[in-house]
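Naming convention: chains lettered A, B, ... in sequence-line order (proteins, then strands); numbering from 1 in each chain. None of the values given here were measured: they were computed from a predicted structure.
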There are 2 protein chains.
Amino acid sequence: MVAPWYRAALFRVAGRRVLLCNELHSKMRGMALEHAILVSLLEQPGSGYELARRFERSIGRFWTATHQQIYRVLKRMETDGWVTAEQIGQEGRPDKRSFRVAPAGRSALTAWLHEPVQPEAIRHELAVKIRGAAFDGAAGRSALITEVERYRKTHQDILARYLAGEARDFPDPAALDVGQSLQHVVLRGGIAYERMVLTWLDDVLATLRDLHH
Amino acid sequence: MVAPWYRAALFRVAGRRVLLCNELHSKMRGMALEHAILVSLLEQPGSGYELARRFERSIGRFWTATHQQIYRVLKRMETDGWVTAEQIGQEGRPDKRSFRVAPAGRSALTAWLHEPVQPEAIRHELAVKIRGAAFDGAAGRSALITEVERYRKTHQDILARYLAGEARDFPDPAALDVGQSLQHVVLRGGIAYERMVLTWLDDVLATLRDLHH
DNA sequence: TCTGACATGTAACCAGTTACATGATTGG
DNA sequence: CCAATCATGTAACTGGTTACATGTCAGA
């Protein structure tokens with residue numbers, strides 16, 4: 001079995017099957033952290049630390065990153081000329097290096113934006129655990145109910161945070177500029193996702209309780 | 001910035017901050033492919049090739065894996081005694097090695113099932129591209145509309161496949177055993193996800209067209 | 001005096017991806 | 001004869017995680 005796009009590059013040359021992936025697909029690599037950082041820095045220049053906090057909040061819901069990785073990628077982007085740093089001395093706080101996007105970074109982002117969107121790779125551990133619960137006995141499934149309830153609370157908190165953020169940042173949806181409109185529609189995606197998860201978790205809980213008689 | 005659980009392990013010892021992660025968290029590593037394979041093999045023993053096809057269909061929606069990785073992990077699981085292989089000679093087809101879960105694998109799975117569910121790491125490239133479209137001009141956003149429409153079709157196809165699979169595999173939801181009930185609720189999660197995505201993509205398209213005047 | 005927020009890293013490791021490889025059989 | 005399906009790999013790479021490290025200042 002091969003991934004769909006991979007299979008598409010299967011050829012036969014003089015009776016032998018060959019793959020010509022580097023020529024055909026070298027430009028089709030999905031995103032790495034770089035592009036998310038570029039978008040974030042275009043919205044607002046900032047330090048590695050500030051980026052890390054943004055990844056905890058807004059962007060991080062669609063692309064996670066730890067501070068360690070952000071600093072490493074930022075360094076590479078700097079040597080590649082995608083971003084430039086400016087040392088900012090602060091009083092009462094450590095100095096910081098504020099990054100902004102350089103022309104080379106902007107064109108790298110534009111190139112990436114025009115590539116086709118890669119299908120999302122979903123990794124949902126809970127779904128695997130639910131199927132695994134079939135092999136864990138009634139006691140295991142009862143423990144899973146407790147765990148799903150806990151897990152549901154975390155998603156309820158996330159939804160509450162999103163809704164509070166929406167009320168705060170987009171109080172008047174009619175009066176938004178382009179960037180804000182796009183940020184708002186992405187946030188609405190997060191809200192829709194969390195609502196869907198909560199509804200599904202209720203379905204999961206009902207199913208597990210039903211199995212329990 | 002550190003991940004939440006990481007921060008929780010920050011201590012101060014004799015004025016110095018230290019992390020005691022290996023003691024506290026060594027058992028809290030999330031899932032790797034192993035556990036998804038164990039669940040799949042418990043549901044039905046099979047070869048690496050068969051597993052790869054299952055990952056393309058049902059399980060793969062929640063945990064992707066290529067055949068290369070499956071073979072590698074399967075080998076490790078075999079040397080660890082988590083699975084055992086049986087050589088099966090077939091006529092008209094290559095031989096295959098059919099794997100089934102060994103007691104050690106089953107207890108490894110049980111241990112994992114009782115660990116708390118890790119929060120999902122969502123990676124949604126499209127969301128980043130939508131925010132990036134603010135820096136790509138009107139022409140770029142117009143191209144994005146076309147791309148989102150294409151992308152929407154792929155999700156429509158996935159939903160159609162899910163619904164067909166549901167009608168085929170769960171025609172009578174009242175007469176299911178435990179394993180089937182759990183498989184069904186996971187499939188319903190996939191269906192809910194796809195419906196949510198389609199609704200959101202309509203919202204995205206309306207927003208992009210609105211920006212276009 | 002201790003905690004928490006601010007601020008920036010290094011190094012080892014590992015999970016997963018990409019590229020490449022081979023060989024048999026069935027069916028159009 | 002070609003394509004598709006069945007069947008199983010190796011090797012290089014890279015993105016991301018985990019563990020560990022250091023220092024300042026504000027405020028309880």
Checklist entry - What's the NE2-P distance between B/His67 and D/dG9, to the nearest Å? => result 10 Å

Checklist entry - Are the side chain of A/Thr207 and the backbone of A/Asp203 linked by a donor-acceptor contact shorter than 3.5 Å? => result yes

Checklist entry - Which of the following nucleotides, C/dA5, C/dA15, D/dG15, is nearest to the side chain of A/Ala32? => result D/dG15

Next on the checklist: By the 4.0 Å heavy-atom rule, please label A/Arg97 as base, sugar-phosphate, or nothing.
Outcome noted: sugar-phosphate

Checklist entry - Rounded to the nearest Å, what distance is computed from the CD atom of residue A/Glu34 to the P atom of nucleotide D/dG15? => result 7 Å

Item to check | Closest to the A/Thr64 side chain, choosing from C/dT8, D/dT8, D/dT17 | outcome: D/dT17

Checklist outcome for this item: Rounded to whole Å, CG of B/Leu33 lies from C1' of C/dG16 at a distance of 9 Å

Next on the checklist: Could you tell me how far apart B/Leu74 (CG) and D/dA7 (P) are, to the nearest whole angstrom?
Outcome noted: 14 Å

Next on the checklist: If you go through the side-chain atoms of A/Arg72, does one of them form a donor-acceptor pair with the base of D/dG16 closer than 3.5 Å?
Outcome noted: yes

Checklist entry - Taking the side chain of B/Tyr49 as heavy atoms from C-beta outward, which of C/dT8, D/dA7, C/dT18 is closest to it? => result D/dA7

Checklist entry - So, A/Gln118 and B/Tyr151: side-chain donor and acceptor under 3.5 Å apart, yes or no? => result no

Next on the checklist: If you only use heavy atoms from C-beta on, which nucleotide in D/dT17, C/dA19, C/dG16 is closest to the side chain of B/Gln69?
Outcome noted: C/dG16

Checklist entry - Taking atom C1' of D/dG15 as reference, at what distance in whole Å does atom CD of A/Gln118 sit? => result 15 Å

Checklist entry - Looking at A/Ser47, does any N or O in its side chain come under 4.0 Å of the phosphate oxygens OP1/OP2 on C/dC6? => result no

Checklist entry - Any side-chain N or O of A/Lys75 under 4.0 Å from OP1/OP2 of C/dT8? => result no

Checklist entry - Ignoring hydrogens and geometry, is there a side-chain-to-backbone donor-acceptor pair from B/Glu194 to B/Gln156 under 3.5 Å? => result no

Next on the checklist: Measure CD/B/Glu56 against P/D/dT5 and give the value in whole Å, please.
Outcome noted: 10 Å

Next on the checklist: Within this structure, what is the CZ-CZ distance for the pair B/Arg106 and B/Arg100, rounded to the nearest 0.5 Å?
Outcome noted: 12.0 Å

Checklist entry - Nearest nucleotide by nearest heavy atom, which residue falls closer to the 5' end of DNA chain D, A/Arg76 or B/Asp95? => result B/Asp95

Checklist outcome for this item: Side-chain atoms of A/Lys96 come closest, of C/dT10, D/dG9, C/dA7, to C/dA7

Checklist entry - Within this structure, what is the CZ-to-P distance between B/Arg53 and D/dA7, rounded to whole angstrom? => result 7 Å

Checklist entry - Of B/Tyr71 and B/Arg123, whose nearest nucleotide on DNA chain D comes first from the 5' end? => result B/Tyr71

Checklist outcome for this item: Between A/Trp200 and B/Val185 the two heavy atoms that sit nearest each other are NE1-O, 2.8 Å

Checklist outcome for this item: Taken to the nearest whole Å, CG/B/Leu51 to P/D/dC6 is 14 Å

